[in-house]
Amino acid sequence: MTDTIDAQVSAPVYSVPQERRIVTAIPGPKSEALHQRRLAVVPRGVSSALPVYIAKANGAVLVDVDGNQFIDLGAGIGVTTIGHTEKAVVEAAAEQLHDVVHTLFTITPYEEYVRVAELLAERTPGDFAKRTVLVNSGAEAVENGVKIARKHTGRNGIAVLEHAYHGRTNLTMAMNFKASPYSTGFGPFAGDVYRAPNSYPYHDGLSGAEAAARTINYLEKTVGADDLACLVVEPIQGEGGFVVPADGYLPALQEWCTAKGIVFIADEIQSGMARTGAYFASEHFGLVPDMVLSAKGIAGGLPLAGVTGRAGIMDSAQPGGLGGTFGGNPVAAAAAVAVFEQIEKGGLLAEAKRIEQTLTAGLLDLQAKYDIIGDVRGIGAMIAIELVEPGTATTTKTPHSEAVSAIAAYAAQRGVLVLTAGTYGNVLRFLPSLAISDELLLDALSVIDDALASLTA
Ligand SMILES: *Cc1c(COP(=O)(O)O)cnc(C)c1O
């Protein structure tokens with residue numbers, strides 16, 4: 001959908017000064033002490049990228065227990081998209097806490113669930129009757145999307161793409177591309193999952209049409225369209241390294257799915273909810289998915305996820321077949337309604353485009369200076385650089401994951417939290433909240449510049 005943005009927005013007021021500030025070693029002594037307690041009671045399988053323990057977060061800044069402030073370029077992996085502790089979200093959730101915290105929608109329903117479903121029906125691509133089921137996590141949304149597609153089609157096969165990430169439950173582990181750390185040793189895995197080559201312009205050099213022909217041919221030959229219930233795609237791959245497919249790739253896949261009766265599911269868990277300057281990244285590619293999966297950014301940090309799809313598909317599940325104890329919790333749903341309102345009131349789709357311009361320009365400048373930056377890509381506030389061994393940027397494009405870890409570590413010491421990604425761990429991803437100012441972005445970019453300079457010195 002296209003939105004007219006009201007540019008007359010008053011500047012937000014932050015309870016934490018929007019600046020980085022390092023006052024101790026990183027991690028500081030209080031974080032170290034907490035970390036020791038944590039190691040005694042939390043399994044090592046739950047790891048932390050940067051073990052600084054956070055006491056407060058606001059806007060685009062995290063404050064740790066030692067008083068260090070970090071510019072947050074990760075937003076909890078694209079969750080606090082409209083900013084940490086955003087005022088309207090906090091107020092809506094607080095108010096809801098006093099009214100109703102839980103009833104279970106499948107016993108006695110409440111309005112907030114219905115309102116989120118209405119908003120998703122209006123904001124997801126496609127002008128047709130839709131239904132939404134609300135759940136608790138992204139993986140649960142993927143599970144439900146697949147479940148409904150199977151019921152609707154009477155088929156079993158699930159098609160996914162190389163470099164995909166869909167979650168950590170049993171079914172979604174089988175749908176991920178990367179085994180380590182996500183699935184190593186955790187089998188047996190769900191069957192009937194078929195992984196096809198994707199479009200990865202920096203590496204395959206294929207046009208969208210060529211890459212789509214390769215994907216479709218692979219699926220036709222190895223499974224056969226008649227056995228496929230759904231194709232699940234991230235319009236821009238998240239954990240895979242912000243891979244933006246070549247023009248025409250996704251529409252060709254969608255067209256093939258429609259012709260073959262395969263449910264086309266867009267996993268917009270990371271790319272959705274205004275992140276890319278459109279409500280859903282599908283819009284950039286002209287897609288009208290049969291189903292859209294939302295989670296991460298939908299409720300300002302509270303756990304909520306949704307499966308929104310064509311009424312005829314969604315209603316194929318029998319009464320009682322969908323649901324769960326906490327799905328669509330009233331507090332999370334009230335927060336989500338506030339998120340939708342703030343995206344529109346705050347002109348946040350335009351903010352995502354501003355962030356894209358600032359980040360892309362800054363990163364292209366860095367690419368001109370440092371030949372280990374092989375690729376700069378992404379849309380909106382979802383931008384990444386792919387790092388390669390020196391001298392290989394246009395030849396073998398050899399992954400340089402040590403550089404990525406070194407830059408992230410260097411930046412953390414100076415108060416910039418930046419996340420890594422990519423199947424080979426050689427992608428640095430910039431996924432800030434839409435509340436981040438250009439000033440903070442430029443400051444963070446100067447730290448990345450210094451990090452690159454220190455690496456190549
Ligand atoms: C994070 C993510 C998931 C899984 O979401 P959880 O809430 O962690 O279960 C699924 N798909 C994509 C694209 C994601 O980024």
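We use all heavy atoms of the structure for the numbers below, so side chains are in, but hydrogens, waters and symmetry mates are not. Ligands are counted one by one from 1 in listed order, and the atoms in each one are counted from 1 as well.
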Q) Going by heavy atoms in the side chains, are S405 and T420 under 4.5 Å from each other? A)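 Of all side-chain heavy-atom pairs linking T420 with S405, none is under 4.5 Å.
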(Q) Suppose we screen for side-chain contact (heavy atoms from CB on, under 4.5 Å). Which residues come up paired with T106, at least two apart in sequence or across chains? (A)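 Per chain and number, T106 pairs via side-chain contact (heavy atoms from CB on, under 4.5 Å) with L104.
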Ignoring hydrogens and angles, write down the donor-acceptor pairs under 3.5 Å from the side chains of residues 376-385, residues two or more places apart or on other chains.
residue	atom	partner	partner atom	Å
R377	NE	G241	O	3.1
R377	NE	F242	O	3.1
R377	NH1	D375	OD2	2.9
R377	NH1	E386	OE1	2.8
R377	NH2	Y200	OH	3.4
R377	NH2	G241	O	2.8
R377	NH2	E386	OE1	3.0

Just list the side-chain donor-acceptor pairs under 3.5 Å for residues 318-337, sequence neighbours left out, or say none.
residue	atom	partner	partner atom	Å
Q318	OE1	K151	NZ	3.0
N329	OD1	V331	N	2.9
N329	OD1	A332	N	3.1
N329	ND2	V101	O	3.0

Q.
Less than 4.0 angstrom from a charged side-chain N to a carboxylate O is my criterion; do R429 and E239 meet it?
A.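 Yes, R429 and E239 are salt-bridged.
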Q.
Between D64 and K56, does any NZ, NE, NH1 or NH2 come within less than 4.0 Å of an OD or OE carboxylate oxygen?
A.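 Here K56 does not pair with D64 in a salt bridge, since their nearest N and O are not under 4.0 Å apart.
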Note every protein N or O atom lying under 3.5 Å from an N or O atom of ligand 1, pairing the names and giving the distance.
residue	atom	partner	partner atom	Å
ligand 1	7 (O)	G138	N	2.7
ligand 1	9 (O)	G138	N	3.4
ligand 1	9 (O)	A139	N	2.8
ligand 1	11 (N)	Y165	O	3.4
ligand 1	11 (N)	D267	OD1	3.4
ligand 1	11 (N)	D267	OD2	2.7
ligand 1	15 (O)	Q270	NE2	2.8
ligand 1	15 (O)	K296	NZ	2.6

